[in-house]
Amino acid sequence: MFNQNQIEEKWQQIWENNQLFQQSADSTSVKDKLYLLFAFAYPSGSGLHVGHVESKTALDILARYYRMKGKDVFFPVGWDAFGLPAENYAIKTGIHPKVTTKDAIITFRRQIKRIGISYDWANELATNHPEYYKWTQWIFIQMFNKGLAYQKNGMVNWCPQDQTVLANEQVVEGRCERCDSQVVQKELKQWYYKITQYQEELITGLDQVDWPEATKAQQLNWIGKKTGIEITYKIADTDKTVTCFTTRPDTNFGATFVVIAPEHQFAKEVAKNNTTVADYLDAASKKTELDRQQEGKTKTGAFTGFYAINQLTNKKMPIWVSDFVLGGFGTGAVVGVPAHDVRDFEFSQFVNSQSDNKADDAENADSRIEVIRVVVGSDGDTSEITKVEQVQEETGTMINSDFLNGLDIHEATQKIMDYLEEQGMGKRVTTYRLRDWLISRQRYWGTPIPIVYDPEGNPHPVKQEYLPWELPTDVDFKPTGESPLKSSKEFIERTHKYVSQVHADLIAEKGWDSSGEGWTPEFDTMDTFVDSSWYFLRYVDSRNKDVFADVSQLKAWLPVDLYMIGPEHIVLHLLYSRFFTKFLRDEGYLHFDEPFMKMRHQGMILGPDNRKMSKSKGNVINPDEIIEKFGADTLRVYEMFMGPLEADKPWDIRAVIGVYKFLQRVYSMVSEKDLAEFSQQEKTKTEQKLHQLIAKATDDIPKLKFNTSIAFMMEFMNVWQDESKKYSKTLSSEDKIKFIKVLAPFAPFMAEELFEMVTGQTSDSDDYNGVHITVWPEFDPNKAQSDTVMIPVQINGKVRAQLSVSAETASDQQVVLNQAIALPELKKYLEGKEIKKKIYVAGKIISLVV
RNA sequence: GCCGAGGUGGCGGAAUUGGUAGACGCGUGGGUCUCAAAAACCCAUGAGGCUUAAAUCUCGUGCGGGUUCGAUUCCCGCCCUCGGCACCA
């Protein structure tokens, strides 16, 4: 028995005093770099949780392993320190976010050191530090100068609880991703980053990176590229046209109506003289997101009284207005093919039932919608389509479509697109679902947008010499629906002073007040996702005062080799960071296209009840308590042993104890001093297992398969212990050290303690070299192999015997097969039968067919 | 509906260029030690049949087929669970 906590504190101190892991960032000596990155952490008041421990430990194992393999490892740490939780806490308690954030960081730091994460603390950073956000602002200005940061008036997502706008990516099923409130639409002038500028490269760039396929698919899904065609139809009895976007022009012979969104220009024009349409537009504009959801898929609409002409059939297609068509997608107008689109069919049913009810209503008489089948599916059904189940969407062959008849729908799509383009009726187009990134937030605790407005309301970026454009401190951050920065006197005075110096010429020219009166700063702050979109660049040179990072440092370390981050960031941070990287590359600052070459997601650690941990469910495991009872090594090894890194796994306290006992056994076996060494003969079996372990760990660690490495360490311990008992002897110090080295990345404290003990060096001496800066052991294939091999023998696919052969004869097919057939236990299966087939897979299996 | 991931003992999981399914750990049962308990250690542990026992057989990786000497792994058709997107034309 020994005191785990005591040795852990001892080594934590020694590592820190010697700055063991902090010589990494100097670019001049880098030969074989490895940049390991852990997802930027938000320093929440509740401290480190067991999920953090899992992914940090995984990266730490890699960091320690690769250092032992001789790589130059860069493993930095920092804090995503701006954000809503600290501000909301401040609103409740009156304690400034700066204070709570600082306290939280101190707690995190202590906890991270306690679990032995070998971060390079020399480059630690926090996004709320002015020397950091100075460069967040600088990037904003570069974007502004290139027209990629711009202001736009429009409908935005507004969270009434958090009193701020949100990006599309932060709205999940109509709710705020942070506080789960129902999001409402508001018309506001806001700042956007033009991420759509890079939409095509955000797709193609995914081919360069080693990311989980599912993650790539999800990003592609979010970007939502679609190719189709815009078809322009003449509107009868006018000189106007309506342009519709469709991906299925093959069905155009069956197009019998047009629907436009309430926001469509033509709808607005019609509404001037048509009260039905005007009323409909009015009602639609008042609908909230919630109303729409409750309404479900029930169709509504109003007839405009106009008709579009389908050039293919010369049929008059009634033009309707309906809110199932979205103003923001495609052209805001859709051509309806009720026979081959479920929504169109539902709309036709709505229209026809309505006009049935008002048969004598002249206005609606000609607005009925015809359903024409133009595709026949695999069932061969060519009957009239009267039920929604008959609507054929995905596959089939064309009918009733003139020159398309008989073609597969996909061929027909290409042919009709060619035709429409030739005739000047349409144009192939590509659409994307991705929208520009709304970055304004009406909140206090964020990076100020470095813009001042002149008395005419024109924006002027703050000059670089005046950055950081600091966040004022004399602010009342209680939410009022307006930006809290408006309450700062200092901020406005600062702005006046600034413009009177910087814009003196303009002020004189315009005859404005020379004191700067009339100018205002931008009161909104930036979305915190802006802060985290480039932090991995700053890490490599985080104290630089002249540039966001020096070119030599960037060249030495980037791109990131492995990024460990939760799957919840796929459409937010991971997309935004890629966008920033491509922008800064185009500006000439970066030498690479993609920031994160390899990425893996950690799974979630669930409570013992198999549910997501949460305070309200009372199933939260506190890592501090586990460390207190069993030590940090146990916590680390247990979390790595739970299962595959990417899987969700429930906590099991009994299994923690199992790992604890394993480590206790390790300690007592390695520290055993009274036993003599095995003889050469006696140690064969243990040595064989030891070299198999080295091979296994060397193979598994780079693949992040830590659970199987640990399982094999346990197997090794079992063999060693059995053999030790059998002979009352044990392994040599030399062999013990090999095992300690394999253990070191997983249980760094215990390994260091045992290393000191076995080598006889002491940590007080100046030239002490710990296990973590030694060289990873080489495995010897000869020692890993045993002299005899057991080969299973199958008869008709069932294992009936085991054949023991020497390692040399195992490669001789003829000898092995003859020996196998001669096995006495196979007599009853083979006697009197002819062996039809003999198969031998060298060293693996013998298969006989009778 | 579309896209993606997955389904293996009582539990977490291992094994996939097709080659002994269930490594390792937990749990459970039995035992040693003890006045007793805990700890520690030892043995057993997928299900079922036959048997005093040994031996041995059958079934078994979500379901149904197929390819193969041999399938958790490959192919075809389904079912279920989880994650993402969704009135996106």
Side-chain angles (χ1 to χ4, degrees), chain A residues 1 172-173 212-222 224 226 228-229 244-249 251 258-259 261 292-293 295-299 322-326 328-337 340-344 346-347 393-394 431-433 567-568 570-571 601 604 606 610 637-638 641-644 646-659 661-662 664-665 705 707-718 721 725 790-802 825 828 835-850:
Chain A
M1 277 301 133
V172 180
E173 285 175 0
E213 284 308 312
T215 303
K216 291 186 184 180
Q218 218 172 304
Q219 277 209 354
L220 290 174
N221 196 4
W222 186 261
K226 279 211 171 102
I229 189 163
C244 301
F245 175 74
T246 178
T247 56
R248 290 294 307 278
T251 60
V258 165
V259 193
R292 285 202 178 200
Q293 270 176 26
E295 206 171 71
K297 296 188 174 162
T298 313
K299 299 289 182 289
S322 175
D323 63 4
F324 86 87
V325 174
L326 308 173
F329 186 83
T331 58
V334 172
V335 57
V337 184
H340 303 291
D341 183 289
V342 169
R343 292 155 312 189
D344 293 353
E346 286 167 354
F347 190 70
E393 286 187 322
E394 297 302 323
T431 62
Y432 298 83
R433 204 187 85 101
E568 67 276 15
I570 292 168
V571 294
H601 303 302
M604 213 187 316
L606 307 171
N610 232 316
V637 175
Y638 168 66
F641 184 60
M642 288 173 89
E646 66 280 6
D648 295 345
K649 305 152 289 240
W651 189 268
D652 181 357
I653 187 62
R654 291 171 308 198
V656 177
I657 295 168
V659 168
K661 287 179 185 168
F662 161 69
Q664 294 287 335
R665 275 199 299 149
K705 292 172 71 178
N707 53 333
T708 49
S709 297
I710 294 167
F712 209 92
M713 281 189 233
M714 291 172 172
E715 284 188 57
F716 164 75
M717 283 305 297
N718 292 344
Q721 212 166 17
K725 265 185 201 159
M790 296 295 282
I791 301 172
V793 186
Q794 289 186 346
I795 292 176
N796 291 343
K798 287 195 173 17
V799 178
R800 299 298 186 186
Q802 299 281 336
E825 58 264 49
K828 62 177 170 178
I835 300 174
K836 291 178 191 141
K837 206 166 182 180
K838 301 175 201 170
I839 295 157
Y840 175 52
V841 181
K844 278 192 174 163
I845 202 155
I846 298 158
S847 185
L848 304 174
V849 186
V850 294

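In the text below, chain A, chain B and the rest are named by the order of the sequence lines, each starting its count at 1. Computed over heavy atoms, backbone and side chain alike; hydrogens, waters and symmetry mates excluded.
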Please enumerate all protein N or O atoms sitting under 3.5 Å from an N or O of nucleotides 79-82 of chain B, with distances to 0.1 Å.
none

Between A/Val334 and A/Gln721, name the one whose nearest nucleotide on RNA chain B is closer to the 5' end.
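Going by which nucleotide is closer to the 5' end, it is A/Gln721.
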inquiry  = Can you work out whether A/Ala214 or A/Gln218 has the more 5'-proximal nearest nucleotide on RNA chain B?
reply    =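 Here A/Ala214 is the residue nearer the 5' end.
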Below 4.0 Å: OP1/OP2 of [N] and any side-chain N or O of [X]:
| X | N | value |
| --- | --- | --- |
| A/Arg800 | B/C57 | yes |
| A/Lys844 | B/U20 | no |
| A/Lys705 | B/A15 | yes |
| A/Lys725 | B/C42 | yes |

With heavy atoms under 4.0 Å as the rule, sort [X] into base, sugar-phosphate or nothing.
| X | value |
| --- | --- |
| A/Gln802 | base |
| A/Pro567 | nothing |
| A/Val841 | base |
| A/Lys838 | nothing |

Pick the [atom1] atom in [N] and in [M], then give their distance to the nearest Å.
| N | M | atom1 | answer |
| --- | --- | --- | --- |
| B/U58 | B/G62 | P | 22 Å |
| B/C33 | B/C42 | C1' | 11 Å |
| B/U52 | B/C35 | P | 40 Å |
| B/A44 | B/G49 | P | 22 Å |
| B/A23 | B/G9 | P | 13 Å |
| B/G66 | B/C85 | P | 41 Å |

Take the protein atom [atom1] of [X] and the nucleotide atom [atom2] of [N], then report the distance between them rounded to whole Å.
| X | N | atom1 | atom2 | result |
| --- | --- | --- | --- | --- |
| A/Lys299 | B/A89 | NZ | P | 14 Å |
| A/Ile653 | B/G12 | CD1 | P | 17 Å |
| A/Asp341 | B/A86 | CG | C1' | 13 Å |
| A/Trp222 | B/G4 | CH2 | P | 18 Å |
| A/Glu568 | B/G84 | CD | P | 11 Å |
| A/Asn610 | B/G13 | CG | C1' | 13 Å |
| A/Glu213 | B/G4 | CD | P | 10 Å |
| A/Leu326 | B/C85 | CG | C1' | 14 Å |

Notebook entry, point to check: If you measure from CE on A/Met717 to CZ on A/Phe712, what distance do you get to the nearest 0.5 Å?
Noted result: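 One gets 13.5 Å once the value is rounded to the nearest 0.5 Å.
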Can you tell me how far apart CZ (A/Phe662) and OH (A/Tyr638) are? Round to the nearest 0.5 Å.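 One finds 15.5 Å between CZ of A/Phe662 and OH of A/Tyr638.
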In Watson-Crick or G-U wobble terms, both distances under 3.5 Å, what is the partner of [N]?
| N | value |
| --- | --- |
| B/C41 | B/G31 |
| B/G1 | B/C85 |
| B/U56 | B/G49 |
| B/G19 | B/C69 |
| B/C24 | B/G12 |
| B/C78 | B/G62 |

Which atoms of nucleotides 68-70 of chain B (N or O only) lie under 3.5 Å from a protein N or O atom, and what are those distances?
from: B/C69; atom 1: OP1; to: A/Lys837; atom 2: NZ; distance (Å): 2.6
from: B/C69; atom 1: O2; to: A/Ser847; atom 2: OG; distance (Å): 2.4

(request) For the pair A/Phe324 and A/Phe347, name the ring-plane relationship: parallel under 30°, tilted 30 to 60°, perpendicular over 60°. (result)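 Rings of A/Phe324 and A/Phe347: tilted, as their planes differ by 30° to 60°.
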Nucleotide N/O to protein N/O under 3.5 Å, stretch nucleotides 24-29 of chain B:
from: B/G25; atom 1: OP1; to: A/Asn718; atom 2: ND2; distance (Å): 3.3

